[in-house]
Structures are given as structure tokens and as C-alpha cells.
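Working notes for the structure below.
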Amino acid sequence: MKTIIVTGHIAGDSPITKSVLADDSTEAEQVFEHWLMTETGASEVFIDHWIELDDLMPSTLTPSKKEIAFTVSAPQAEAKRLYISSIKDVDMTDLFDYDTPDDLPEWEWVEANSSYSCKHNNSSGVWDFIVNLSRELTDIPTSLVETIESAKANNCSYILFNQGT
């Protein structure tokens with residue numbers, strides 16, 4: 001099983017991101033589509049992208065009481081029990097006023113504590129970091145404590161820190 005972060009949307013709506021435990025990205029997309037259709041009643045779901053975290057780190061996802069379990073059947077395959085948990089999306093430009101991420105100490109902490117990072121790419125300098133909330137996080141900057149505690153209180157497994165690009 002791999003932890004796969006899937007982002008998708010329904011027509012005319014904002015993107016939604018969930019982490020899924022699945023054997024591969026195809027299975028993760030199916031689980032995500034089923035979940036989103038069930039939650040919204042939509043007849044069509046669009047997958048924007050996915051990331052296989054297990055390619056980057058060992059999975060430490062431990063499903064909580066409030067996470068949703070699904071059983072998905074595939075042709076000629078045994079039904080599998082999969083867990084879906086939430087990921088909080090945090091646009092750092094909503095929290096802080098800065099010129100570049102290198103100027104902000106909070107970005108330094110996020111980068112040091114992330115399980116996945118993507119930075120200095122593309123012409124717009126996209127910065128994306130995923131912090132696994134099941135890890136012991138120490139020396140959290142005071143300005144990020146409320147954001148992290150809020151995510152934990154809402155049973156999020158991860159936080160995707162980005163700069164809105």
C-alpha cells in the first residue's frame with residue numbers, strides 16, 4: 001500500500017485534496033472519485049493530479065476515528081479496505097506578507113519538517129511542502145501553531161504549505 005495524495009474537483013468548484021492508502025494511483029483515483037461523488041452527489045469528478053508519498057518516504061499514516069473507510073471492488077480483484085484522510089491546504093501568502101519564501105523564517109521551518117518538497121521550479125518559483133502531522137513536530141513557530149493545531153483538531157493527516165501558485 002502507498003499513501004497517495006489526490007487532488008481533484010467537480011465542475012465549477014474549488015479543488016479538493018485527500019490522502020488515500022492504495023496499491024497504485026489508478027486505485028487511489030477510483031477511491032477519490034467514489035468518495036467525492038458520494039459526498040457531493042456529482043456525476044463526474046475531474047482528477048487534477050496525485051503524488052505517491054511512499055516513493056519519497058515510509059508511510060506513517062494511522063487512520064483516526066473520523067477518517068472514512070471504503071471497500072472498493074475491481075474486476076477480477078479482491079475487495080480492498082482503503083482509508084481516506086484529509087489534507088489541509090495552507091497558502092502562506094494568506095498568513096504572511098513577504099517578497100520571497102527565503103525571507104520568511106516560517107518557510108525555513110516548514111521546509112525542514114516536510115515529508116515532500118518542491119521548490120524553485122517553473123518561472124513562478126512554485127513552493128509546495130507537505131508536512132506529515134503524525135510526526136513529532138518540535139520548535140513550531142508561534143505564528144504556525146494555530147494552523148497546525150487546527151489541522152490536527154480536524155483530523156487532517158497532512159498540511160500542504162504553498163504560496164498559492
Side-chain angles (χ1 to χ4, degrees), residues 1-10 12-42 45-74 79-96 106-118 127-164:
M1 294 287 249
K2 298 178 181 184
T3 303
I4 302 174
I5 307 294
V6 182
T7 300
H9 67 280
I10 56 176
D13 211 350
S14 299
I16 297 171
T17 304
K18 291 282 184 188
S19 68
V20 178
L21 283 176
D23 287 330
D24 57 38
S25 59
T26 302
E27 185 176 60
E29 288 178 11
Q30 291 171 346
V31 172
F32 179 85
E33 288 173 356
H34 173 77
W35 172 81
L36 192 53
M37 286 178 175
T38 301
E39 287 290 309
T40 64
V45 171
F46 302 95
I47 302 296
D48 298 325
H49 62 272
W50 51 264
I51 300 169
E52 290 186 14
L53 292 183
D54 286 47
D55 288 345
L56 305 168
M57 62 171 216
S59 177
T60 57
L61 178 65
T62 305
S64 71
K65 295 185 281 190
K66 291 191 175 183
E67 290 168 337
I68 305 161
F70 286 101
T71 301
V72 177
S73 298
K80 298 175 183 172
R81 188 162 176 83
L82 304 173
Y83 294 93
I84 297 180
S85 61
S86 297
I87 184 167
K88 182 177 181 82
D89 185 3
V90 175
D91 181 344
M92 294 287 269
T93 62
D94 290 340
L95 300 177
F96 305 103
E106 288 83 358
W107 267 121
E108 184 178 325
W109 181 89
V110 167
E111 183 176 2
N113 288 278
S114 70
S115 302
Y116 169 81
S117 66
C118 179
W127 281 51
D128 291 325
F129 294 91
I130 297 176
V131 174
N132 184 336
L133 296 177
S134 67
R135 293 180 55 218
E136 182 178 340
L137 300 174
T138 58
D139 301 322
I140 300 169
T142 306
S143 54
L144 290 177
V145 169
E146 185 178 331
T147 299
I148 292 169
E149 292 305 318
S150 170
K152 287 180 177 181
N154 287 306
N155 294 307
C156 293
S157 298
Y158 302 94
I159 299 177
L160 169 61
F161 288 96
N162 62 74
Q163 54 181 7

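Just so you know, residue 1 is the first one in the sequence shown, and it goes up from there.
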Heavy-atom closest contact (M37 atom, A42 atom, distance): CG-O, 3.3 Å
Side chain to side chain contact (heavy atoms under 4.5 Å, CB included) evaluation trace for W109 with L137: CA-CA 10 Å; W109 181 89; L137 300 174; 4.1 Å; yes
Non-hydrogen side-chain atoms of W35 and V6 separated by less than 4.5 Å: no
Distance (rounded to the nearest 0.5 Å) between I130 CD1 and N113 CG: 14.0 Å
Atom pair CG (L95) and CD (Q163), whose distance is rounded to the nearest 0.5 Å: 12.5 Å
Nearest-0.5 Å distance, OG of residue S115 to CD1 of residue I159: 11.0 Å
Heavy-atom check, side chain of V110 versus side chain of L144, under 4.5 Å: yes
CZ-CG distance between F46 and L36, expressed to the nearest 0.5 angstrom: 11.0 Å
Between OG on residue S19 and CG on residue L160, distance to nearest 0.5 Å: 12.0 Å
Reported CG-to-CD distance for the pair D24 and E29, which is rounded to 0.5 angstrom: 9.0 Å
Nearest heavy-atom neighbours spanning A151 and L133: CB-CD1, 3.7 Å
Close side-chain approach of T147 and K88, heavy atoms under 4.5 Å: yes
Beyond-backbone contact of V90 with N162, side-chain heavy atoms, under 4.5 angstrom: no
Parallel, tilted or perpendicular, as decided by the 30° and 60° cut-offs, for the rings of W107 and F129: tilted
Expected output: side-chain T38 to main-chain H34 donor-acceptor under 3.5 Å: yes
Donor-acceptor contact present, side-chain N154 to main-chain C156, <3.5 Å: no
